[in-house]
Amino acid sequence: MVAEVNRLSPEAQRAELASIAPELLEKPTPSTGPKELPPLPKAVEGQVVLRLAPYPSGPLHIGNARAFVLNDAYAKKYRGRLLLVFDDTIGSEDKPILPEAYDQVKEGLDWAGVEYREVLYKSDRIPLHYEWAEKLLATGEAYVCECDSETLRKNREAKHACVHRTQDVDETIAMWKAMLAGEYGEGEAVVRLKTDMAHPNPAFRDRVLFRIAERDHPRVGDRYRVWPMLEFSWAVDDALLGITHVLRGKDLVMEDQMETWIWDVLGIRARPEFVHFGILRFKDVELSKSRYRREIAAGRLTGIDDPRTWSLQSLRRRGIRPAALREFVLSFGLSLNDIEVPAEALYAENRKMIDKDANRYFFVPDPVSVEISGLPPIERVKAPLHPDFPGRGVREIAAGPKVHVAEDDFAKFRGKEVRLKDFCNVVLDKRAKFVSMENKDIPKIQWVMHGVNVHLVLPDVTESPEPREVRGLGEPLVAALKVDDVVQFERVGFARIDHVSKAEVRAYFGHR
RNA sequence: GCUCCCGUAGUCUAGUCCGGUCAAGGAUCGGGGCCUUUCGAGCCUCAGACGCGGGUUCGAAUCCCGCCGGGAGCACCA
């Protein structure tokens with residue numbers, strides 16, 4: 001029967017089908033509208049509990065966006081709860097906690113529209129972690145190890161168990177107490193989970209659960225010297241906080257195994273579902289908190305919200321809308337693919353949102369002065385605030401024979417006829433010649449007679465020879481703009497006004 | 001090297017679990033055109049993909065095997 005049908009030509013099959021079941025020929029209408037998130041495994045409306053676990057070493061940046069946007073989006077989708085749990089265990093020397101980062105993280109999340117219910121701190125929960133540790137120690141599932149990190153690494157590689165692994169539980173507990181009492185120095189003892197020294201994944205062999213750090217903690221000072229590692233603290237807190245779903249990057253898959261192992265040995269029943277997403281990278285953008293920190297310290301950047309960084313604060317200052325960031329991130333879904341996207345994709349999303357609101361103005365970067373000969377007497381011209389919305393009104397621009405044009409335009413069009421947009425046609429040169437007033441179909445460039453100093457700050461893009469800022473002249477009305485206005489400098493791009501003073505208007509470049 | 005994950009247009013993504021309506025959808029980018037006093041927006045249009053090789057099947061992007069390619073982890077960081 002099937003073979004019979006297959007022998008028919010596609011046209012014949014189609015005709016035959018049309019006579020039997022014409023509705024099957026209708027193409028299903030492709031779904032449009034906002035992208036729907038795939039369902040979360042075992043998610044129950046109203047009962048989903050998610051958590052966000054930022055490490056307070058600096059402000060959140062665009063590279064963290066996938067984690068917080070997805071968690072927030074799912075919390076909203078299922079009308080669940082999203083907890084903000086600062087992952088502020090002691091960290092390491094080269095990745096210290098910054099006291100101001102707590103507020104910087106919250107500020108970023110608030111801007112992004114992430115609605116978290118409660119704020120918790122790992123550093124407040126250390127006694128709970130100790131309790132669980134003691135259960136593990138008492139059952140012999142974990143032990144205190146005095147090997148130094150180098151020995152530990154070599155043993156791991158050689159699948160070799162050290163003497164501590166088999167020591168008595170009593171002895172282990174005495175050593176644990178000695179750790180807490182400060183009888184060991186930094187690096188002299190750790191608590192290790194007893195997994196399997198022959199485990200196929202070398203990284204998994206008797207992983208460290210606690211270590212000693214003598215540094216002061218920004219929130220709890222010197223109250224603790226024995227600090228949990230991330231995996232262990234999450235095994236405790238995910239269970240205790242009733243987290244139903246853990247959404248994390250796939251660089252953290254081994255943490256799933258660790259948490260699961262600990263729950264298994266401790267007989268913990270209620271567990272979250274683990275869901276991962278791939279690594280997100282930006283083309284031409286190297287996100288480095290430590291580098292930006294250095295540059296800020298050296299005064300080359302003005303602060304964590306400097307538009308040349310990629311912090312959420314910097315995005316806000318460049319006129320990027322939170323909704324654009326959200327759409328951008330959600331467009332990747334939950335895929336496990338590691339992706340590298342151009343920042344242009346974010347800009348495309350943002351442009352859709354700001355274009356209708358951004359009024360147009362002239363800004364002439366690196367001005368070159370030009371004197372037009374033969375110009376009829378004229379003092380000002382009019383141009384629309386927004387070409388798509390004439391009702392919004394017009395701007396009056398002072399005009400006359402002495403104008404400024406952009407250096408790039410001057411170089412490109414010197415000796416050629418161009419139209420000074422909304423003004424007149426000239427043959428461009430230092431001594432330019434007036435041609436006519438009427439609108440012609442020739443290249444149009446922006447110009448300014450006298451106006452205000454504009455300082456435009458550009459974002460940071462690696463391997464770009466472009467300068468990170470540019471100065472020039474804006475048309476007179478630019479001086480009347482307000483902080484937070486998002487405008488489009490014609491032929492230059494969208495920018496947000498950040499500061500207005502008599503001396504200059506400072507604007508942060510968003511994108512073209 | 002070991003462990004795990006992933007391969008759909010330049011880029012991102014839908015489809016893969018449950019094989020047929022997929023002669024593969026969308027977005028973005030690119031080409032062309034229209035419109036527009038911006039290199040913006042809008043409209044129309046074109047181009048562009050199932051990593052490779054076997055197998056199963058009437059039929060494979062979808063199932064199986066092998067290969068190739070990419071990524072992550074392998075810290076007393078998170």
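Below, read A as the first sequence line, B as the second, and so on, with proteins coming before strands; counting in each chain starts at 1.
- Atom C1' of A60(B) sits at a distance of 13 Å from the matching atom of G15(B), rounded to the whole Å.
- With A41(B), U28(B), A78(B) as the choices, the nucleotide that has an atom nearest any side-chain atom of K352(A) turns out to be U28(B).
- Nucleic acid contact for C145(A): none, since no nucleic acid atom lies under 4.0 Å from a heavy atom of the residue.
- Counting any heavy atom pair closer than 4.0 Å across all strands shown, D87(A) reaches sugar-phosphate atoms only and no base atom.
- For R192(A) and A75(B), the CZ to C1' distance is 12 Å, given to the nearest whole Å.
- The CD1 atom of I90(A) sits 21 Å away from the P atom of A75(B) (whole-angstrom rounding).
- In this structure V381(A) satisfies the side-chain contact (heavy atoms from CB on, under 4.5 Å) test together with I378(A), I397(A), A399(A), F423(A), W447(A), sequence neighbours excluded.
- A gap of 7 Å separates the P atoms of A41(B) and C29(B), to the nearest Å.
- Proximity of S335(A) to the phosphate of U13(B): a side-chain N or O atom is located under 4.0 Å from OP1 or OP2.
- Annotation: salt bridge (Lys or Arg N to Asp or Glu O under 4.0 Å) contacts of D485(A) (sequence neighbours excluded): none.
- Across G66(B) and G71(B), the matching P atoms stand 23 Å from one another, rounded to whole Å.
- In this model, no donor atom of one side chain and acceptor atom of the other lie less than 3.5 Å apart for H217(A) and D222(A).
- Using a 4.0 Å cut-off between charged side-chain N and carboxylate O, R248(A) and E255(A) make no salt bridge.
- Annotation: G10(B) and C4(B) have their C1' atoms spaced 29 Å apart (nearest Å).
- For K421(A), the listed nucleotide lying nearest its side chain is U37(B); candidates were C77(B), U37(B), A78(B).
- Residue order along RNA chain B, read from the 5' end via each residue's closest nucleotide, puts A348(A) first among K382(A) and A348(A).
- Side-chain N/O atoms of E349(A) and base N/O atoms of A27(B) include no donor-acceptor pair closer than 3.5 Å.
- Proximity of residues 55-65 of chain A to RNA chain B (heavy atom under 4.0 angstrom from any strand atom) is restricted to Y55(A).
- With hydrogens and angles ignored, no donor-acceptor pair closer than 3.5 Å exists between the side chain of R491(A) and the base of G40(B).
- Contacts of Y121(A) classified as ring pair (Phe, Tyr, Trp, His ring centres under 6.0 Å), with partners at least two apart in sequence or in another chain: F86(A), Y102(A).
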Any N/O pairs under 3.5 Å between the protein and nucleotides 4-7 of chain B? List them or say none.
unit_1	atom_1	unit_2	atom_2	d
C6(B)	O3'	N337(A)	OD1	3.4
C6(B)	O2'	N337(A)	OD1	2.3
G7(B)	O5'	N337(A)	OD1	3.4

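- At a cut-off of 3.5 Å, with distance as the only test, a side-chain donor of H129(A) or D237(A) sits close to an acceptor on the other residue.
- Every residue was checked against the side-chain hydrogen bond (donor to acceptor under 3.5 Å, both in side chains) condition with R205(A), not counting sequence neighbours, and none meets it.
- Only the P atoms considered, U16(B) is 16 Å distant from G25(B), to the nearest whole Å.
- OP1 or OP2 of A78(B) sits under 4.0 Å from a side-chain N or O of R211(A).
- U37(B) and G30(B): their P atoms are spaced 23 Å apart (whole Å).
- W261(A) has its CH2 atom 17 Å from the P atom of U3(B), to the nearest Å.
- Residue E231(A) is classed as having no contact, given no heavy-atom separation below 4.0 Å to the nucleic acid.
- Side-chain proximity of D251(A) to the nucleotides G73(B), U37(B), G40(B) is greatest for G73(B).
- An OP1 or OP2 oxygen of G40(B) is reached within less than 4.0 angstrom by no side-chain nitrogen or oxygen of R360(A).
- Straight-line distance from the CZ atom of R248(A) to the P atom of A72(B): 18 Å, rounded to whole Å.
- In this structure, the nucleotide among G40(B), U38(B), A78(B) sitting nearest to the side chain of L230(A) is A78(B).
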Here RNA chain B, pairs taken as Watson-Crick or G-U under 3.5 Å and shown with ( ), [ ] when crossing and | when to another strand, reads (((((((..((((......[....)))).(((((.......)))))....(((((..]....))))))))))))....

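- With sequence neighbours excluded, no residue satisfies salt bridge (Lys or Arg N to Asp or Glu O under 4.0 Å) with K444(A).
- A distance of about 38 Å separates the P atoms of C46(B) and G55(B), rounded to the whole Å.
- Salt-bridge annotation for D355(A) and R360(A): present, with a side-chain N of the basic residue lying under 4.0 Å from a carboxylate O of the acidic one.
- Atom-to-atom, CD of Q446(A) to P of U37(B) comes out at 17 Å; the value is rounded to the nearest Å.
- Using a 4.0 Å heavy-atom cutoff across all strands shown, E340(A) reaches sugar-phosphate atoms only and no base atom.
- Atom CD1 of residue I442(A) and atom CD of residue E417(A) lie 4.0 Å apart, to the nearest 0.5 angstrom.
- Here G73(B) presents its C1' atom at 12 Å from NE2 of H276(A), a figure rounded to the nearest Å.
- Scanning for ring pair (Phe, Tyr, Trp, His ring centres under 6.0 Å) contacts around F328(A) gives F282(A), F332(A), with sequence neighbours left out.
- Annotation: side-chain hydrogen bond (donor to acceptor under 3.5 Å, both in side chains) contacts of H61(A) (sequence neighbours excluded): none.
- Atom CZ of F210(A) and atom P of C76(B) are 15 Å apart (whole Å).
- Within the 4.0 angstrom heavy-atom criterion, no nucleotide atom of any strand lies near D441(A).
- Applying the 4.0 Å criterion to OP1 and OP2 of C76(B), one finds that R156(A) has a side-chain N or O inside that range.
- Here U11(B) is the nucleotide among A78(B), G40(B), U11(B) with the atom lying nearest to any side-chain atom of P342(A).
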Donor-acceptor pairs under 3.5 angstrom involving side-chain atoms of residues 226-233 of chain A: please list them, not counting sequence neighbours.
unit_1	atom_1	unit_2	atom_2	d
W227(A)	NE1	Y224(A)	O	3.4
E231(A)	OE2	R207(A)	NE	2.7
E231(A)	OE2	R207(A)	NH2	2.7
S233(A)	OG	K122(A)	NZ	3.2
S233(A)	OG	L230(A)	O	2.9

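- The side chain of S149(A) lies closest to C76(B), out of U13(B), C76(B), A27(B).
- What separates CG of L346(A) from C1' of C29(B) is a distance of 15 Å, to the nearest Å.
- Nearer to the 5' terminus of RNA chain B, by closest-nucleotide assignment, is the contact made by V341(A) (compared with the other of E490(A) and V341(A)).
- Among the protein residues, D408(A) comes within range of no part of the nucleic acid, since none of its heavy atoms lies under 4.0 Å from any strand.
- Applying the ring pair (Phe, Tyr, Trp, His ring centres under 6.0 Å) rule to F489(A) yields the partners F363(A); only residues at least two apart in sequence or on another chain are considered.
- We find that K154(A) and E157(A) are not joined by a salt bridge, their nearest charged nitrogen and carboxylate oxygen being 4.0 Å or further apart.
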